[in-house]
Amino acid sequence: MKALLLENVHGDADDVLGQIPGVEIERIGHALDPDELKAALNGVALLGIRSRTRITEDILEAAPDLLAIGCFCIGTNQVDLEAAAKRGIAVFNAPFANTRSVAELTLASTVMLMRGIPQKLAAIKRGEWQKSAVGSHEVRSKKLGIIGYGNIGSQLSVLASGHGMHVHFHDNEPKLAHGNARPAASLDELLAISDVVTLHVPSTPQTRMMMDAAAIGKMKKGAFLINHARGDLVDVAALASALKSGHLAGAAIDVFPVEPASKDEAFESPLRDCETALLTPHIGGSTEEAQAAIGMDAGLKLVRYAMRGGSAKSVNFPELDAGELADGRTRILALHGNAPGYLSTLTREISDAGLNIAAHYLNTVGELGYVSTDVEGDVSPELLDHLRQATGTIRIRSISA
Ligand code: NAI
């Protein structure tokens, strides 16, 4: 089986993919243009990319051997997921591998803001020696208000409690509190009581601009706001005026409504001239540890799919994992249209071939069905051809123990 890894995917991915018997791994350190990519995909079963490689329908059309794509990053916008599913190509990513990195940066930013580091750093670089304790505070015993108690919010909760903070949180789902953290009665209560409010929600119609002028106005005077989640959660113009008026004592912002597409574009924001703003260029999750974790996570998902057809956590396939294949068995994996009759065709063809079904699992999502069937003994090329031609089949493959 041939695997192609582009864009300097972390080296840990090679070790993980090496678990596939006989795998040949080719690496190219950058993204390829469409024609180069089509040529490079010849014979490739597993493709690993990061965010710069665009996988369009046209590219997929030119890659008949491709079984799965691993996005060694968080997002999957760069891949036409529907077109991939239509061709039976499973797509995976590593959505939570960088959450610890974000939680750590948020905790560090809390300390930095409460010590007035953004303005002290700016002053010392101008040659000013602002050695004063006025307005500087320990984080111990202060209230941290976490909005969104998911992977990042809940990890931050544990880190902040360890630093002696009183953690309150707001989530739109019921969540088990870690340690002594407490759910706030409402978002408004959280805004009103917190010394530091930090956002860890996704961007949705409900959360977009959730921190507008009115919500910022509900925060305590002298409090701090952190957004290390998504750029469109905060009205940055309203935040800049709250910082300039002194209503908020500082803010740490890593994500912006408009971000430069590359290092050659200038960063524009009303926050640029706010001295109490600690600004970072969307690097909350960008650490070498996170890259290694992404290499492991996305790599392992590709290995499971290649070796046993496991599609758990795929972003475009029905999820299913039938586990390890027992010795002496063959697994038939069929991606098919989710319509009545497919399973009976499949089982009839298998029984007509004189094979006994030892295990059988199905999952469906929308218009797709994915079925994994273990039979005793070997499967002939004729049976696979019959199944390939059966009404509803999108893709068939078999794996032997
Ligand atoms: P998650 O999905 O684990 O947690 C999000 C939480 O927000 C969930 O508990 C959910 O129930 C809650 N939530 C959703 N809508 C809500 C609403 N309207 N009100 C209150 N709670 C709501 O996500 P995770 O992994 O913790 O990520 C959080 C954010 O951090 C995401 O926006 C993600 O894109 C961002 N992120 C930013 C990075 C960076 O580089 N700065 C890196 C990684 C993630």
Side-chain angles (χ1 to χ4, degrees), residues 10 50-51 71-78 93-110 112 144-160 167-178 181-191 194 197-212 214-215 218-219 225-236 251-261 267 269 271 277-295 297-298 313 315:
H10 195 275
R50 291 173 67 191
S51 51
C71 300
F72 286 74
C73 51
I74 309 303
T76 53
N77 298 344
Q78 70 278 43
N93 63 342
F96 304 120
N98 64 358
T99 54
R100 169 73 187 201
S101 304
V102 181
E104 280 191 12
L105 185 70
T106 308
L107 180 72
S109 301
T110 305
M112 294 292 190
L144 177 66
I146 299 176
I147 302 179
Y149 205 66
N151 280 288
I152 296 173
S154 58
Q155 286 194 63
L156 172 65
S157 171
V158 174
L159 296 178
V167 176
H168 299 259
F169 65 88
H170 166 77
D171 201 291
N172 64 347
E173 298 287 336
K175 295 282 168 167
L176 183 68
H178 290 263
R182 291 194 200 148
S186 64
L187 177 57
D188 281 358
E189 187 204 67
L190 186 101
L191 296 176
S194 300
V197 169
T198 183
L199 307 176
H200 300 287
V201 287
S203 169
T204 66
Q206 289 72 41
T207 60
R208 247 164 251 148
M209 289 291 147
M210 70 187 300
M211 294 309 292
D212 57 9
K218 289 176 187 167
M219 289 174 64
L225 178 65
I226 299 180
N227 182 12
H228 287 170
R230 280 290 168 257
D232 56 6
L233 306 179
V234 176
D235 178 342
V236 282
I253 307 294
D254 184 49
V255 286
F256 301 87
V258 182
E259 297 181 356
F267 165 64
S269 169
L271 297 169
L278 176 58
L279 307 182
T280 44
H282 202 149
I283 43 81
S286 307
T287 62
E288 294 192 12
E289 289 77 4
Q291 287 305 317
I294 287 170
D297 186 6
K313 307 291 177 208
V315 292

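Counting convention: from 1, in listed order, for ligands and their atoms alike. Residue indices begin at 1 and follow the sequence shown.
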Name the residue from Thr204, Asn227, Val255 that meets the side-chain contact (heavy atoms from CB on, under 4.5 Å) definition with Leu233.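 Looking at Thr204, Asn227, Val255, the match for Leu233 under the side-chain contact (heavy atoms from CB on, under 4.5 Å) is Asn227.
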Would you say the side chain of Leu187 lies within less than 4.5 Å of the side chain of Met210, judging by non-hydrogen atoms?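 Yes, their side chains come closer than 4.5 Å.
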With a 4.5 Å limit on heavy-atom distance, are the side chains of Met211 and Met219 in contact?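 Side-chain contact under 4.5 Å: yes.
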Ring-plane angle category for Phe169 and Tyr149, please: parallel below 30°, perpendicular beyond 60°, tilted otherwise.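 The rings of Phe169 and Tyr149 lie parallel, inter-plane angle below 30°.
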Taking NZ in Lys313 as the centre, count heavy atoms belonging to other residues, nucleotides or ligands within less than 6.0 Å. Is the count above 12?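 Result for NZ/Lys313: open.
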In order of chain and number, which residues sit within 4.0 Å of ligand 1 by heavy atom?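 Contacts of ligand 1 under 4.0 Å: Phe96, Asn98, Thr99, Val102, Gly148, Tyr149, Gly150, Asn151, Ile152, His170, Asp171, Asn172, Glu173, Lys175, His200, Val201, Pro202, Gln206, Thr207, His228, Ala229, Arg230, Asp254, Val255, His282, Gly284, Gly285.
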I'd like to check the salt bridge (charged side-chain N to carboxylate O under 4.0 Å, His left out) partners of Asp212; sequence neighbours left out, ordered by chain and number.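 For Asp212, no residue satisfies salt bridge (charged side-chain N to carboxylate O under 4.0 Å, His left out) once neighbours in sequence are set aside.
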